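Below is one structure, written out as structure tokens; the observations come after it.
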Amino acid sequence: MNKKDYDWAENVADKIYAKTKHSVKRSRDKIPYLTQDGIFDDWSDRIHWWTNGFYAGQLWQLYHAYSDEEFRQAAEVIEDKLDAGLMDYMGMDHDSGFKWLLTAVADYKVTGKETSRNRGLLAAANLAGRFNIAGNFIRAWNDGGDGNTAGWAIIDCMMNLPLLYWAGEQTNDPRFSHIAKAHADTAVKAFVREDGSVNHIVHFDPDTGEIVETLGGQGMGVGSSWTRGQAWAVYGFALSYRHTGKKEYLDTAKKAAGYFEKSLPESGLVPVDFCQDKDCEWEDSTAAAAAACGMLEIENHVKEEEKAYYHDTAMRLLKTLEEKRCNWKEGVDYILKNGSVAYHDENHNFPIIYGDYYFTEAVFKLCGKELLMW
Ligand code: GLY
């Protein structure tokens with residue numbers, strides 16, 4: 001790591017600490033997702049929502065780095081609240097990694113608390129139970145009134161697989177990683193296109209396992225490249241490589257990363273979909289932050305002569321965010337503005353909690369403060 005990037009990251013990490021010190025006082029007992037007038041809202045009554053672990057994840061990163069009890073206590077409140085979701089089978093979906101790796105598993109890693117380990121293992125067992133053996137994929141969502149989704153898998157699930165790798169290590173039981181690897185193997189073939197772009201949703205026949213169709217999901221349409229999905233592929237495959245050492249996963253992460261880097265506009269700001277019109281101003285800062293984490297993860301695993309490409313791409317993304325998209329005002333809860341949930345949403349370019357989380361994680365990786373979450 002060169003000293004200039006390290007110093008930059010140290011400085012930004014301190015700003016994240018100072019900023020979150022203010023937001024946490026206003027957010028005790030909340031599960032933040034979006035903001036109203038700069039102040040976090042509270043999703044405690046929508047306990048199954050996939051983003052409910054991100055603020056706690058940010059707090060655990062900060063507690064790990066700065067040993068400030070206020071962060072730990074607020075993270076524990078969110079972890080306790082998530083039990084209501086864990087006890088409701090029909091509300092559980094494949095996003096257990098996002099929810100419990102950043103809450104209970106993080107808590108267990110830091111404190112060794114047995115109740116937290118138990119929560120993580122229960123979440124992992126539920127995730128493993130979503131595996132479809134005919135198609136070798138983990139089912140994404142439950143039916144939500146819009147048809148039968150028993151055969152749907154989504155690229156985002158690559159980020160949930162580390163919960164299975166963790167559970168396998170904890171229980172010394174390879175079933176968990178067999179399932180994670182089977183899903184990742186399917187994802188290499190079914191989601192990643194020749195040029196490194198990825199499908200968001202693949203619909204399999206849940207009885208035969210055959211691919212029925214691909215769907216545009218949160219991107220612009222079939223065959224387009226939704227940037228956050230692209231970021232999930234970059235980071236998710238790199239993480240499966242970290243946990244398994246299977247070279248195909250690293251090669252796939254590099255392919256998705258190469259597509260991401262080549263598609264970046266001059267500004268370094270990430271659109272919602274790489275295929276959207278060049279004059280469309282819809283952005284997704286959360287995709288930029290998550291992709292930066294993925295680039296830094298790849299940097300850890302490639303040969304010396306390849307490292308600069310991934311490192312410099314991550315730095316370009318992060319410095320652009322810091323210069324143009326961060327809000328460091330004490331009275332405003334969010335850090336990153338200009339996230340987007342999906343291309344076809346009514347609203348774009350607003351703060352979303354997972355943007356702050358991945359920005360924090362990437363900055364902490366750069367200055368050696370990171371708590372390994374995935
Ligand atoms: N996992 C859903 C999303 O990235 O929006």
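One-based numbering, in listed order, for ligands and for the atoms of each. Numbering of residues begins at 1 and proceeds along the displayed sequence. Here the structure is a predicted model, which is why all the values come from computation and not from measurement.
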Close approach, W226 and ligand 1, non-hydrogen under 4.0 angstrom: yes

Between side-chain atoms of residues 176-183 and protein atoms elsewhere (two or more places apart, or another chain), which donor-acceptor pairs fall under 3.5 Å?
| from | atom 1 | to | atom 2 | distance (Å) |
| --- | --- | --- | --- | --- |
| S177 | OG | P174 | O | 3.3 |
| H183 | ND1 | I138 | N | 2.8 |

Y55/Y33 aromatic ring centres below 6.0 Å: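 So the answer is no for these two rings.
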
Centroid separation Y354 to W50 less than 6.0 Å: yes

Atom 1 (N) of ligand 1 [closest protein heavy-atom partner, distance rounded to 0.1 Å]: D156 OD2, 2.7 Å

Nearest protein heavy atom with distance in Å, relative to atom 5 (O) of ligand 1: R228 NH2, 2.5 Å

Return a table of donor-acceptor pairs under 3.5 angstrom between the side chains of residues 361-374 and protein atoms on other chains or two or more places apart.
| from | atom 1 | to | atom 2 | distance (Å) |
| --- | --- | --- | --- | --- |
| E361 | OE1 | Y357 | OH | 2.6 |
| E361 | OE1 | W374 | NE1 | 2.7 |
| E361 | OE2 | Y235 | OH | 2.5 |
| E361 | OE2 | K365 | NZ | 3.2 |
| K365 | NZ | Y235 | OH | 2.9 |
| K365 | NZ | E370 | OE2 | 2.9 |
| K369 | NZ | E10 | OE2 | 2.8 |

NZ or CZ of R46 within 45° of W49 ring axis and under 6.0 Å: no

Numbered atoms and elements of ligand 1 in range of W232, under 4.0 angstrom, heavy atoms: 4 (O)

Ligand 1 to D95 polar contact by distance, N or O atoms, under 3.5 Å: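 N/O-N/O distance below 3.5 Å does not exist for this pair.
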
